[in-house]
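Structure, as structure tokens:
Here, residue 1 is the first one in the sequence, and each next residue gets the next number. All figures in this text were calculated on a predicted structure; none of them were measured in a lab.
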Amino acid sequence: MAAEGFRGPRQLWNAMRWSMKGLRAGWRHEASFRFEVCLAIVVIPLGLYLGQGPLEKLALVLPMFLVLSAELLNSAIEAVVDKVSPEFHELAGRAKDMGSAAVFVLLVFMGLSWALIVGPRLPAILTM
């Protein structure tokens, strides 16, 4: 149930606890999320190191956070669909496929960002 009125420290604390619970559930139950977190552990520091200036750093790091967010939303969609109806239904399959496609689109966006920003500098980076 949504909180009404002022959201004080207790409500903010609870919101943070529920968010951490969601992150733990994603880690515990979703292999794709675990893989993407491991990828983020490499990509985020590398993006901060290789980016020249704050906008490039942001363009290299932001897509990874978007991928992680989309993966959690995709997992939430899949969990709700499975809870509502465990048997196959065309619309349920479509919802799951579209959630997966959203993650894929963001992974392509991340690859494109890296290719456009780091790609031209790759020969110089490899000779360092």
Side-chain angles (χ1 to χ4, degrees):
M1 182 172 202
E4 296 179 14
F6 177 72
R7 290 182 58 89
R10 175 174 287 157
Q11 287 86 6
L12 293 175
W13 175 255
N14 285 336
M16 189 188 74
R17 284 184 34 237
W18 295 323
S19 295
M20 294 301 109
K21 187 176 177 182
L23 286 171
R24 279 192 302 276
W27 178 265
R28 194 172 292 134
H29 301 289
E30 298 297 328
S32 294
F33 183 70
R34 287 190 299 271
F35 172 75
E36 289 155 357
V37 167
C38 292
L39 183 63
I41 290 169
V42 174
V43 166
I44 291 171
L46 199 57
L48 293 173
Y49 176 74
L50 294 176
Q52 295 177 352
L55 291 179
E56 273 194 10
K57 291 177 189 297
L58 185 64
L60 293 173
V61 170
L62 179 64
M64 188 72 246
F65 283 103
L66 294 175
V67 166
L68 292 170
S69 298
E71 186 63 54
L72 289 168
L73 289 170
N74 180 43
S75 298
I77 290 168
E78 290 179 353
V80 169
V81 166
D82 289 345
K83 170 69 175 157
V84 170
S85 177
E87 66 272 351
F88 177 78
H89 188 278
E90 181 184 343
L91 292 176
R94 190 183 313 163
K96 288 180 168 188
D97 291 345
M98 291 166 78
S100 179
V103 175
F104 176 75
V105 166
L106 287 170
L107 284 167
V108 169
F109 170 56
M110 186 172 76
L112 181 63
S113 296
W114 277 79
L116 291 173
I117 294 170
V118 178
R121 292 188 234 138
L122 201 55
I125 292 169
L126 294 176
T127 59
M128 291 172 80

So if you build clusters from Ile, Leu, Val, Met, Phe, Trp, Tyr with side-chain heavy-atom gaps below 4.5 Å, do [X] and [Y] land together?
X: Leu66; Y: Val105; value: no
X: Phe109; Y: Val103; value: yes
X: Leu12; Y: Trp18; value: no
X: Ile41; Y: Val43; value: yes
X: Leu60; Y: Leu58; value: yes

Between [X] and [Y], is any pair of side-chain heavy atoms under 4.5 Å apart?
X: Leu72; Y: Leu23; result: yes
X: Glu71; Y: Ser75; result: yes
X: Gln52; Y: Arg121; result: yes
X: Leu39; Y: Met110; result: yes

Identify, with sequence neighbours excluded, every residue that meets side chain to side chain contact (heavy atoms under 4.5 Å, CB included) alongside Val61.
Ile44, Leu48, Phe65

Gap between atom [atom2] of [Y] and atom [atom1] of [X] - 0.5 Å precision:
X: Leu106; Y: Leu68; atom1: CG; atom2: CG; answer: 10.0 Å
X: Leu73; Y: Ile77; atom1: CG; atom2: CD1; answer: 6.5 Å
X: Leu55; Y: Ile117; atom1: CG; atom2: CD1; answer: 9.5 Å
X: Leu50; Y: Lys57; atom1: CG; atom2: NZ; answer: 8.5 Å
X: Asp97; Y: Asn74; atom1: CG; atom2: CG; answer: 9.5 Å

Around Leu116, counting heavy atoms of other residues, nucleotides and ligands shown, do more than 12 lie under 6.0 Å from its CG?
yes

Looking at [X] and [Y], what are the two nearest heavy atoms and their distance?
X: Ser113; Y: Pro63; value: OG-CG, 3.9 Å
X: Val81; Y: Ala95; value: CG2-CB, 4.3 Å
X: Ala115; Y: Pro120; value: O-CD, 3.4 Å

Distance-only check: which donor-acceptor pairs under 3.5 Å involve side-chain atoms of residues 26-36, not counting sequence neighbours?
unit_1, atom_1, unit_2, atom_2, d
Arg34, NH1, Trp27, O, 2.7
Arg34, NH1, Arg28, O, 3.2

Looking at Pro123, is its backbone amide N or carbonyl O close enough to the side chain of Thr127 to form a donor-acceptor pair, meaning the two atoms are under 3.5 Å apart?
yes

Might you work through the salt bridge (Lys or Arg N to Asp or Glu O under 4.0 Å) test for Glu78 and Lys83, ending with a clear yes or no?
CA-CA 9 Å; Glu78 290 179 353; Lys83 170 69 175 157; over 6 Å; no

